[in-house]
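This report concerns only the one structure given below.
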Amino acid sequence: MQTKSIRDHIRTIVDFPHEGILFRDVTTLFADPRGFRMAIDQLLHPWAGSRIDKVVGLEARGFILGGAVAHQLSVGFVPIRKKGKLPGPTIAEHYTLEYGEAVVEIHDDALQPGEKVLIVDDLLATGGTCAAGIKLVERLGAEVVGCAFVVDLPDLGGHALLDRMGMNVHTLCAFEGK
């Protein structure tokens, strides 16, 4: 029996959330214990042996993946959330979406200067959310050592954006199109 790849575990839903979109659904990957374990192992593999002090997860599926990666690395986990969702004092970063603008926040004491951070999320599309997350991490004086994603949608330009920002980007699979 042939082992399934990460890509094999991801379901495509046509016309969600809008007509013409091929939605790459990672919940089918999460539901499969072998697939989920394989994804976590592969996400953290490039940083094995590296100093990582915290894993930052981007809302919302990045919380699932980032929490598991942080557990495997025996380090703390820090969420970056949509505006208004964190209870304590925060700093915010605005960023542009395909149609409009959004804001993400992090607690103002979540990271210490000099800490090494790995940012984790499920999908890299335009890169806007991750770029905003990088800016928040850097504003707190921490250093992003890398960004890890399950799925890359290279046609949307996020990987190229993060490359231009000097980030070390690791993805487990890619899908063409939008």
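Surrounding CZ of R139 are more than 12 heavy atoms belonging to other residues, nucleotides or ligands, all under 6.0 Å away. Environment of CD in E101: crowded, with over 12 heavy atoms of neighbouring residues, nucleotides or ligands closer than 6.0 Å.
To the nearest 0.5 Å, atoms CG (L123) and CG (D152) are separated by 8.0 Å.
Of the possible polar contacts, none joining the H71 side chain to the F77 backbone as a donor-acceptor pair under 3.5 Å is found. At least one donor-acceptor pair under 3.5 Å links the side chain of D15 to the backbone N or O of G20. Of the possible polar contacts, one joining the H107 side chain to the G88 backbone as a donor-acceptor pair under 3.5 Å is found. Judged by distance alone, with hydrogens and angles left aside, the side-chain atoms of R7 form a donor-acceptor pair with the main-chain N or O of A174 at under 3.5 Å. Between the side chain of E105 and the main chain of G84, a donor-acceptor pair closer than 3.5 Å is present. Side chain of T126 to main chain of L156: no donor-acceptor pair is present (N/O by atom type, distance under 3.5 Å, no hydrogens or angles).
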Applying side chain to side chain donor-acceptor pair (under 3.5 Å), run through H159 and D163 and close with a yes or a no.
CA-CA 6 Å; H159 201 296; D163 285 343; 3.1 Å; yes

Could you walk me through whether H94 and V103 pass side chain to side chain contact (heavy atoms under 4.5 Å, CB included), step by step?
CA-CA 4 Å; H94 296 258; V103 180; 3.1 Å; yes

Set out, in order, the CA-CA distance, both residues' side-chain angles and the distance that settles side chain to side chain contact (heavy atoms under 4.5 Å, CB included) for L124 and C147, then state yes or no.
CA-CA 10 Å; L124 177 56; C147 304; over 6 Å; no

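Put simply, the side chain of I119 reaches to within 4.5 Å of the side chain of V56, judged on heavy atoms. At least one side-chain heavy atom of L136 sits less than 4.5 Å from a side-chain heavy atom of I91. For the pair T27/R11, a side-chain contact is recorded, criterion being any heavy-atom separation below 4.5 Å from C-beta on. Looking only at side-chain heavy atoms (C-beta outward), I40 and L65 come within less than 4.5 Å of each other. V69 has its side chain out of reach of W47: every pair of non-hydrogen atoms, C-beta onward, lies at least 4.5 Å apart. E59 places none of its side-chain heavy atoms less than 4.5 Å from the side chain of V104. In this structure, the side chains of V14 and L22 come closer than 4.5 Å at one or more pairs of heavy atoms. Contact check for I106 versus L111: side-chain heavy atoms found under the 4.5 Å cut-off.
In plain terms, the two heavy atoms of G146 and L118 that are nearest each other are O-CD1, 3.4 Å. Here the shortest heavy-atom pairing between A110 and V78 reads CB-CG1, 3.6 Å. Across D53 and E115, no two heavy atoms sit closer than the pair OD2-CA, 3.3 Å. Of all the heavy atoms in I6 and G35, the pair that sits closest is CD1-O, 4.0 Å. Residue V145 comes nearest to R51 through the heavy atom pair CG1-O, 4.4 Å, listed as atom of the first residue, atom of the second, then distance. Taking both residues in full, the closest heavy atoms of L43 and H170 are given as O-CD2, 3.7 Å, listed atom of the first, atom of the second, then distance.
Cluster annotation: I80 and L86 are assigned to distinct hydrophobic clusters (Ile/Leu/Val/Met/Phe/Trp/Tyr, side-chain heavy-atom contacts under 4.5 Å, transitive).
Ion pairing of E143 with K116 is present here, as a side-chain N (NZ or NE/NH1/NH2) and a carboxylate O approach within less than 4.0 Å.
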